Participant: 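Following this message is one structure expressed as structure tokens.
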2 protein chains.
Amino acid sequence: MEQQDRSYKDKKVITIGTVSELTGLTLRQIRYYEERKLIAPYRNERGTRKYSFNDIEILMDIADKREDGVQTTEILKEMRLKEKKRESEAAVKKKMLQGQLNAQFRYGRGKI
Amino acid sequence: MEQQDRSYKDKKVITIGTVSELTGLTLRQIRYYEERKLIAPYRNERGTRKYSFNDIEILMDIADKREDGVQTTEILKEMRLKEKKRESEAAVKKKMLQGQLNAQFRYGRGKI
DNA sequence: CGTGTAAGGAATTCTGACACG
DNA sequence: CGTGTAAGGAATTCTGACACG
């Protein structure tokens with residue numbers, strides 16, 4: 001169920017006009033942030049951009065930062081930093097699980 | 001978080017063309033099912049229909065039933081039945097919670 | 001009943017460019 | 001750098017209607 005809802009959040013199905021309404025950004029701004037690699041909408045056969053709810057969240061984040069005068073280059077760096085952070089946290093979590101698994105395996109073998 | 005994801009599922013932001021791709025139904029069919037009250041898309045200022053992921057699930061359900069030869073009138077009845085069921089289940093749940101609450105209250109008062 | 005289709009109009013989206021600062 | 005705007009074309013969506021069965 002959670003996995004299911006997650007797929008909704010990431011599904012790229014929203015047109016740029018709707019995104020504009022939802023974020024308050026102009027079409028020009030939204031396209032420009034794509035040019036600066038801040039977002040990556042899906043393109044259908046004829047080149048029409050489609051965004052996900054997650055993209056919308058990112059755009060609202062960008063809007064906030066732009067209002068604070070942060071340049072797109074800086075925003076991009078920040079986003080990459082956060083990505084790194086998430087990755088390293090995931091790595092730590094994986095390591096912990098691996099440790100538990102190993103311990104479990106040792107005990108399990110002892111009993112057999 | 002779950003509440004958050006739920007809102008994505010119910011947010012009407014998808015155009016009929018995308019819905020058509022996602023469900024495999026033609027525009028004509030999708031509009032017709034609306035005429036038969038099986039779905040109720042949102043209409044923006046200029047009358048363009050917008051659907052939610054939930055609407056898409058309903059449409060896929062409809063597609064299955066139509067393939068089995070079920071008429072739209074029947075499908076509508078089934079949907080209303082399911083709705084009743086959900087409501088009565090919710091009522092039962094509420095009653096149970098109310099009972100627990102009352103019991104809790106009695107004990108609580110006894111202790112005070 | 002459920003779906004296809006042609007019809008005409010209105011609004012959307014796309015790209016590349018010039019403008020301003 | 002970030003955003004506005006006019007330009008021209010292509011595709012979307014809408015409604016009401018006729019068709020078939």
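Every chain is numbered from 1, with letters handed out A, B, ... down the list of sequences. Note that this is a predicted model, so its numbers are computed, not measured.
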Participant: Send over the distance from Tyr42(B) OH to dC14(D) P, rounded to a whole Å.
Facilitator: 13 Å

Participant: For DNA chain C, please output the secondary structure as dot-bracket, reading 5' to 3'. Pairs are Watson-Crick or G-U wobble, both atom distances under 3.5 Å; mark crossing pairs with [ ], other-strand partners with |, unpaired with a dot.
Facilitator: .||||.||.|.|.||.||||.

Participant: Keeping the roles fixed (side chain from Thr23(A), backbone from Val19(A)), state whether a donor-acceptor pair exists under 3.5 Å.
Facilitator: yes

Participant: Arg31(A) has an atom CZ; how far is it from atom C1' of dG16(C), in whole Å?
Facilitator: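 Rounded to the whole Å, the gap is 12 Å.
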
Participant: Counting only N and O atoms by type, is there a donor-acceptor contact under 3.5 Å from the side chain of Asp68(A) to the main-chain atoms of Lys65(A)?
Facilitator: no

Participant: In sequence, state the C-alpha distance, the side-chain angles, and the governing distance for Asp55(A) and Lys12(A), and then conclude on side chain to side chain contact (heavy atoms under 4.5 Å, CB included).
Facilitator: CA-CA 8 Å; Asp55(A) 289 330; Lys12(A) 305 208 176 214; 2.9 Å; yes

Participant: Is the distance from OP1 or OP2 of dG2(C) to the nearest side-chain N or O of Arg36(B) less than 4.0 Å?
Facilitator: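 Affirmative; the distance criterion is met.
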
Participant: What integer distance in Å separates Ile39(B):CD1 from dG2(C):P?
Facilitator: 14 Å

Participant: Mind listing the N/O atom pairs, protein and nucleotides 3-10 of chain D, below 3.5 Å?
Facilitator:
{"residue": "dT3(D)", "atom": "OP1", "partner": "Gln29(A)", "partner atom": "NE2", "Å": "3.2"}
{"residue": "dT3(D)", "atom": "OP1", "partner": "Tyr33(A)", "partner atom": "OH", "Å": "3.2"}
{"residue": "dT3(D)", "atom": "OP2", "partner": "Tyr33(A)", "partner atom": "OH", "Å": "2.9"}
{"residue": "dT3(D)", "atom": "O4", "partner": "Arg28(A)", "partner atom": "NH2", "Å": "2.9"}
{"residue": "dG4(D)", "atom": "OP2", "partner": "Thr26(A)", "partner atom": "OG1", "Å": "2.8"}
{"residue": "dG4(D)", "atom": "N7", "partner": "Arg28(A)", "partner atom": "NE", "Å": "3.1"}
{"residue": "dG4(D)", "atom": "O6", "partner": "Arg28(A)", "partner atom": "NH2", "Å": "2.9"}
{"residue": "dT5(D)", "atom": "O4", "partner": "Arg28(A)", "partner atom": "NE", "Å": "3.3"}

Participant: Expressed in angstrom and rounded to an integer, what is the separation of Leu76(B) atom CG from dG2(C) atom C1'?
Facilitator: 15 Å

Participant: For Thr15(B) and dT12(D), is the shortest distance between a side-chain N/O and OP1 or OP2 below 4.0 Å?
Facilitator: no

Participant: Closest nucleotide of DNA chain D for Gln71(A) versus for Thr48(A): which of these residues is on the 5' side?
Facilitator: Gln71(A)

Participant: Checking all strands, does Thr73(A) fall into the base, sugar-phosphate, or nothing category for heavy-atom contacts under 4.0 angstrom?
Facilitator: nothing

Participant: Using OP1 and OP2 only, check whether a side-chain N or O of Arg43(A) sits under 4.0 Å from dT15(C).
Facilitator: yes

Participant: Taking NZ, NE, NH1 and NH2 as the nitrogens, is one of them in Arg31(B) or Glu34(B) under 4.0 Å from a carboxylate oxygen of the other?
Facilitator: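 Between Glu34(B) and Arg31(B) there is no salt bridge, as every charged N stays at least 4.0 Å from the carboxylate O atoms.
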
Participant: Testing the 3.5 Å rule here: is there a donor-acceptor pair between the side chains of Arg28(A) and Thr26(A)?
Facilitator: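 No pair is found: no donor N or O on one side chain lies under 3.5 Å from an acceptor on the other.
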
Participant: Any side-chain heavy atom of Ile56(B) within less than 4.5 Å of one from Ile14(B)?
Facilitator: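 Ile56(B) reaches Ile14(B) side chain to side chain.
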
Participant: Rounded off to whole Å, could you give me the CD-to-P distance for the Glu45(A) and dT13(C) pair?
Facilitator: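 Between P of dT13(C) and CD of Glu45(A): 15 Å.
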
Participant: Are Ile75(B) and Arg66(B) packed together at the side-chain level, in the sense that at least one heavy-atom pair is separated by less than 4.5 angstrom?
Facilitator: yes

Participant: Quick one: is Arg49(B) getting a side-chain N or O under 4.0 Å of the dC14(D) phosphate, OP1 or OP2?
Facilitator: yes

Participant: Please give, in whole Å, the distance from dT13(C) P to Asn44(A) CG?
Facilitator: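 After rounding, the reported distance stands at 12 Å.
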
Participant: Please determine whether salt bridge (Lys or Arg N to Asp or Glu O under 4.0 Å) holds for the pair Glu74(A) and Lys77(A), giving the CA-CA distance in whole Å, both sets of side-chain angles, and the decisive distance to 0.1 Å.
Facilitator: CA-CA 5 Å; Glu74(A) 291 309 312; Lys77(A) 281 181 197 161; 3.5 Å; yes

Participant: Rounded to the nearest angstrom, tell me the gap between atom CD in Glu34(B) and atom C1' in dG2(C).
Facilitator: 16 Å

Participant: Taking NZ from Lys50(A) and P from dT12(C), how many angstroms apart are they, rounded to a whole number?
Facilitator: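 So the two atoms are 14 Å apart, to the nearest Å.
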
Participant: How about Arg43(A): does its CZ atom have over 12 heavy atoms from other parts shown lying under 6.0 Å from it?
Facilitator: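 Counting other residues, nucleotides and ligands, CZ of Arg43(A) exceeds 12 neighbours.
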
